Structures are given as C-alpha cells and as structure tokens.
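Below is one structure; the comments refer to it alone.
This structure is a prediction, so every number in the text was calculated from the model and none was measured. First the proteins, then the strands, lettered A, B, ... as listed; each starts at 1.
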There are 2 protein chains.
Amino acid sequence: MTIKDVARLSGVSASTVSRVLNNHPDVSESVREKVLQIIDELHYVPNNSARDLVRSGEDTVGVVVRGAENPFFTGLIRSVEQEIEKAGYAMVLHQIKSGDDELAAGAELARSKRLCGLIFLGGSFDYTADRTAALGIPFICCSYSNSFGTLEKSSYSSVSINDEEEARRAVKYLTDRGHQKIAVLLDSVNDHSVSELRYRGYCRALEEAGIDPDPDLTEETHVYDLPAAYEGMKRLIGRGKDFTAVFATADSFGIAALKALNEAGKKVPEECSVIAIDGIEMSRYSIPTLTTLVQPVEEMGRKAVNILMDVIEGKDRTAHVYVKTDLREGGTVKAI
Amino acid sequence: MTIKDVARLSGVSASTVSRVLNNHPDVSESVREKVLQIIDELHYVPNNSARDLVRSGEDTVGVVVRGAENPFFTGLIRSVEQEIEKAGYAMVLHQIKSGDDELAAGAELARSKRLCGLIFLGGSFDYTADRTAALGIPFICCSYSNSFGTLEKSSYSSVSINDEEEARRAVKYLTDRGHQKIAVLLDSVNDHSVSELRYRGYCRALEEAGIDPDPDLTEETHVYDLPAAYEGMKRLIGRGKDFTAVFATADSFGIAALKALNEAGKKVPEECSVIAIDGIEMSRYSIPTLTTLVQPVEEMGRKAVNILMDVIEGKDRTAHVYVKTDLREGGTVKAI
DNA sequence: CCTGTTTCCGGGAACGTTCCCGGAAACGTT
DNA sequence: AACGTTTCCGGGAACGTTCCCGGAAACAGG
C-alpha cells in the first residue's frame, strides 16, 4: 500500500497524490476529491520514513531528557512540546537512563533524524567544547547544572533556575524562622547534578546564618526515586540526631520525607518543618501541603524554545537565562 | 554526512560500510577496523529514516497509550517496554489525548512505521470489527474496557484486571467492615472507561450488601486529573450528606480525596475510610498510606507482550486474560 | 596447472516519498 | 488568430540505506 497504489486506483500520477497529501494548490478540486476518496477507502497512510528521508527533517527539534521518572519533567516537557509546536516545528522526544551519555544520545538523534536543534532537559552538562561540537546543530540546556564550567558560556544557551541561589533562599526561609538544626536530603553531593548545586545553596544559607553544617544531618540517596528518599529520611531519623527542619532538594524527596516523619511520629510542621524545590503537581496534595519553591515550567519551556529558534534562524544570540521560582507556602513550615 | 562519505574516506564501497554497520561477517578484519575508525572520526550515525524505509520495519511494535497523565501507565509502559526489548523487538510509543480516536492513531502508526504489532494501553475499546480490520496487524488491549462488547472476542486479545469484579471486591471490603454509606469518586458513569466498569462493581457490591445506592454519594469528575478529583471530593463533602467511606476508582482520586477530607477536618480513617484501585507508586507515600488494590503491572506487561508475540509469530492464540489485583492494606480503612 | 571452494568486496536495484521541471491544456488579451 | 498566462498534471531524480548478485582474488586439493 503505497502512494503508487493510490495513484493507480485514482487514475493520476504519484506526484498528484503527493500534492493532495501535502495540500499543494496545484491540483483541481475534482481530482483532489477523487484521490481523497481512494485514500479513505484504502486506509492509506503515507510512510513517515520515506517522508523524513526526502525532506531531510529540517523542521524538527529533538528533546533529550534524563530521568523521566522525575515528575518535574513531565510538566516541563509538556510546556516545551507546546512551544515547539507553536513555532511550527515538530518534536521528537528521547528519554535516557540515568547512566547514559546525554551528549552521545543527542548526537545520535541529531544525525539519525536530521534535527535542526536540540534541547537537553535535566541532568548535568559538563562537556568540553569539542564534544559538543560533534552535535553540529544549535542546542540549549534547560534545568541543567554545569557545576564545572568546563564549557565556555558563549557556545551554547541555557535556561534554568539558579539552583544554588534558590536553595539558599529556601533554607534562608527556614533560618529566618529560627531554625538552626536543618537536615538536608539530596541525591548526591558530587553527582554534578542540580541536587549538588542545591546542596551548595544549603551550605551557603547555613553559613550566612552562622550555622556550622553538621554532616550527620546530611543524607544522600544516590538514586533518584521515592523509595530511596524515604529510606534516606528514615536513616536520618534513626540516627537520633536532633533537627527541627529538613530541606529536600526536590519535591519528591519532600513527599517521601513527610511520610517518613509521619511514621516516626514526628508531626509536621509542629515538630519538624519541611521545605523543598520544584513544585510538582503532586506536592499540592500532600498532607500537609508541601511548602516549596515552584519552578516556572511554562516560562522555562517558552524561553528555551524561543532562544533555540532564534539561534536556528540565524540571529545568533546565545543566552543564559535564570528564571525565578515562586514560593508556594504550604503547611510544612513553622517558625520556632 | 552519509554512508558514502564514510565509504569514500575509508576507500571502500558503501556496501562494505553497510556490512560493517550491521556487523555482517563478509568483511575482513582490517577493513572493518579502518571503517570503524573513520566512522568514529566523522561522528557518523546512520540515518534511521533510510534504514527503516528499506527494511520495512517488521520488527517493531507500536504502543498507543491514552492518558499519559495517569501515573498508573508509567509503570505499565515500563514493563511493556522491557518485555518487548526482551523479545528482540523495538518499541515505538505514541501518546494520544483523551479525546482522540485511538484506533485511528494506531492505524496511522501501523502504516507509517510499518509495525508488526500494536498494543493499546488504557481507554475504552469499543470498535466494530471492520474498523479494527483496518489495522491489518495483530493487536492487543491492555488495561482497557470493552463495556459494549461490540467486538467479537475472537478477533483480538486483551489483558487486564476484571475492573468490575475488583471494584466489587474493594467495596465489599468496606461493607464487610460495617460501612453502609459509601461515597464514590469516578471519572464519569458513561464514558465507557474502566472508571465506569469500576462504578458498576461498586453498585453490585452495594446491592449484595443490601444497600441502596445514593446518587448524592456519587461524584463524577469528567476529567482525569488531580485538581478535578480534589474539587469533586470537595463538592461531595460540601453536599452535607453523611458518609463513612469513599471508594475512589483510581489511586490518584484517592490521594486527592485524602487531601480534601483532611482539609474538611474529617480524619482518615477514623471518621472516613478510603479505598482505591491501581497501586501507583505515590500511593505508598500518602498520609495515611492508601489502602488499594494494586494492579500487577509487570505481569500485565509480560502477558500482553507474550500473547502478542505468539500471534505475530503465527501461533494464533487470541486470549483474554484477567489478572488479579493484590490488596495492599494501608491505613485508610477502619471497621465501624 | 587446472578446477572448485571460500572469502571478500562492489554494483545497482529497491524502499516510498517529495519536489523541481517541463509540458499540455484552458483561458484571456490584443 | 496569434500570443502570453495561468492552471493543472506527469516524469524522473533524489534522499540514505539494505541486500542480492555477480565477480575477483586467495586458497585448497588433485
């Protein structure tokens, strides 16, 4: 069942059928109707591979995302998708596992689908210029971390929150309310991820408040998921060290922390406050509602796509924009 | 950057490069090395469109899923993906919005990517035989509902829980514990979805317990998401009708219900019990832990793929298997 | 040295589209 | 009536692969 079958059955050439398919004006109304009828009868659907092959797919941008298990990204992806469509481009999504090389994945995607641009969502982004050069097309990082600064800022763009600064703000929110012994729940102190950046912000906030960070109040999960965070929080509690608040480097961690605290009989926020960063949908429905710094995902998606489009269309403006979070006061923080 | 560039640079023909790419034995070791080196230097990646075009992609199965916003599916998708890979096939995922025609989406996917099989995840499945015939390839429905029975069972396969029966079981769990006034939170009573089937099970359980269903205790959300379910539960509470338990037709609804009840000052489970169906990961971390009937997603994915593979490989065995849920007792149900 | 076999490689058709180009009508204009 | 213009259509190259087929070496056995 090819375009030729349709052409034969409707008594026209393949070219004409193609024109009907891509509603090109150069086709008479009667012929168009006839062809459409045959197409409908045959349940014909054009072959995408052949299509992509010939038109070299210069109108689609790839999105590679690390950690689809992180619910924060679903909102971001939705936003990005919407913006890409609005810009008249197509989108192809590629999810990678936590261990994978995102740059390699991006390069593969770029060649294989002939993309015109690439968006990296999440993960760390510490690559040297010659590695990114292999991509050969414009790209932008969104909600990323580049803790090493290995890549000169001029060679690419980025959109994200200032993770360190926002984390500082979150923790300051706690110290401002009298909290001194603040535990932290994070992914890993040196995984080059946003979690690490947020941890730094945590340290800075403590420092500014004249508090010495207590290693016993730091708990790393080493894997990004709910069970790990939950177990981490249990270990923290089991350690017997006293603390009046916990800073969760992600909403998911916050929710898991809430659960562990509840099971340990520690009331939130009376006996222990909790604050997090992200603002995923589910955190609105935790009990109590999680107090968190919500990331403006729509704005992030929009800006990321806009900048990328500008670069694609020649106006070369690489940019590194920081967007601000919005503090959503739930019911998990109490002054002491 | 095509296969010909690689061929030219390494002094061989395109055929040879192709052989190296698909590690065909008919190539000497020295040539293979040379070619691989050039490939590496050029960062060459074969064009997938061209590849798919020629080998007609007879080794990939399509998965169309309605409602990716439903976290239940993420687990199911993961399971299906794993099994498909294990069977040596590739998978292509296609998400559709709630209003879309899944059969049309499936058909399009099938033609356009030349699939060998199709898996439909979620949604209703009420189509006539001539419509499904348009697909032209074997397919299976997983976690679906076919409330109308419009399609003869012999023409396709399915794997799911018996939604009506499991819902009956859930509600019976409540009536067995003395509950009489049981509210229900569902998507819509006649959307042909699993929610409707579960609603029927709810009615049956009440009937068996000699309880008259009270329309005032039924709340429909008409859209599948957390805010809608939350608002629904608020309306239910606001109605002022007394109830001692609520049956949520999905875990997400249960979590939203928990929140609404909490805000209304109704203690769970002391003043109101909650039971749901699905078993999504997040429901383990609600406070209290949601009591729910968890669907065996790994088993479902495995069976769905196995049956589909058998059909694809000729052994024609259409089957309709029901898998059983597993009651996970959390802390949201209390006898009265 | 001849012949048969194996190993390796290149040529070229095919996959299903799109799109440029050229041409044939049909229509208008002087 | 002759000539431009417009409208519509078909031919055919091109996209980047795979894979069959045929052939050239290299090698074996007699």
**Prompt:** Does A/S18 make a side-chain N or O approach to OP1 or OP2 of C/dC19 shorter than 4.0 Å?
**Reply:** no
**Complete:** Ranking B/A50 and B/T16 by the position along DNA chain C of their nearest nucleotide, the one closer to 5' is B/T16
**Asked** What's the closest nucleotide to the B/L53 side chain, out of C/dC9, C/dC15, C/dT17?
**Response** C/dC15
**Message:** How many whole angstroms separate atom CZ of B/R19 from atom C1' of C/dG10?
**Reply:** 8 Å
**Prompt:** Can you find a heavy atom in the side chain of B/I119 that is under 4.5 Å from one in the side chain of B/V64?
**Reply:** no
**Fill in**
Regarding the side chain of B/S13, the nearest nucleotide among D/dG16, C/dT18, C/dG11 is C/dG11
**Request:** Please determine, by modelled atom types, if B/E41 and B/Q37 share a side-chain donor-acceptor pair under 3.5 angstrom.
**Result:** yes
**Item:** Length of the line joining A/E29:CD and C/dA26:C1', which is rounded to integer Å
**Value:** 18 Å
**Prompt:** With a 4.5 Å limit on heavy-atom distance, are the side chains of A/Y44 and A/I38 in contact?
**Reply:** no
**Message:** Taking atom CD as the centre, does B/E299 end up with more than 12 heavy-atom neighbours from other residues, nucleotides or ligands that are less than 6.0 angstrom away?
**Reply:** yes
**Complete:** Quick note, A/D26 side chain, CB onward, closest among D/dG10, D/dC9, D/dG16 is D/dC9
**Message:** Strictly below 4.0 Å: does B/Y44 bring a side-chain N or O up to OP1 or OP2 of D/dG16?
**Reply:** no
**Request:** Report the distance from atom CE of B/M1 to atom P of D/dG16, rounded to the nearest whole Å.
**Result:** 12 Å
**Asked** Closest to the A/N22 side chain: C/dT17, C/dC15, C/dT18?
**Response** C/dT18
**Request:** Write down the distance between CG (B/D52) and C1' (C/dT17), rounded to a whole number of angstrom.
**Result:** 14 Å
**Asked** Can you tell which of D/dT18, C/dT18, C/dC8 lies closest to the side chain of B/S28?
**Response** C/dC8
**Prompt:** Looking across every strand, which nucleic acid part, if any, lies under 4.0 Å from B/S15 by heavy atom: base, sugar-phosphate, or nothing?
**Reply:** base
**Prompt:** If you check every side-chain atom of A/R51, which of C/dC15, D/dT18, C/dT17 has the closest atom?
**Reply:** C/dT17
**Asked** For B/E33 and C/dC8, what is the distance between atoms CD and P respectively, to the nearest whole Å?
**Response** 14 Å
**Message:** Under 4.0 Å between a side-chain nitrogen and a carboxylate oxygen: does that hold for B/R78 and B/E81?
**Reply:** no
**Complete:** In whole angstroms, the gap separating C1' of C/dG10 from CZ of B/R8 amounts to 17 Å
**Asked** Mapping A/R32 and B/N47 to their closest nucleotides on DNA chain D, which lands nearer the 5' end?
**Response** A/R32
**Asked** Whole-Å distance between C/dC19 C1' and A/I3 CD1?
**Response** 11 Å
**Request:** Grab the CG-P distance between B/D5 and D/dG16 for me, whole Å please.
**Result:** 9 Å
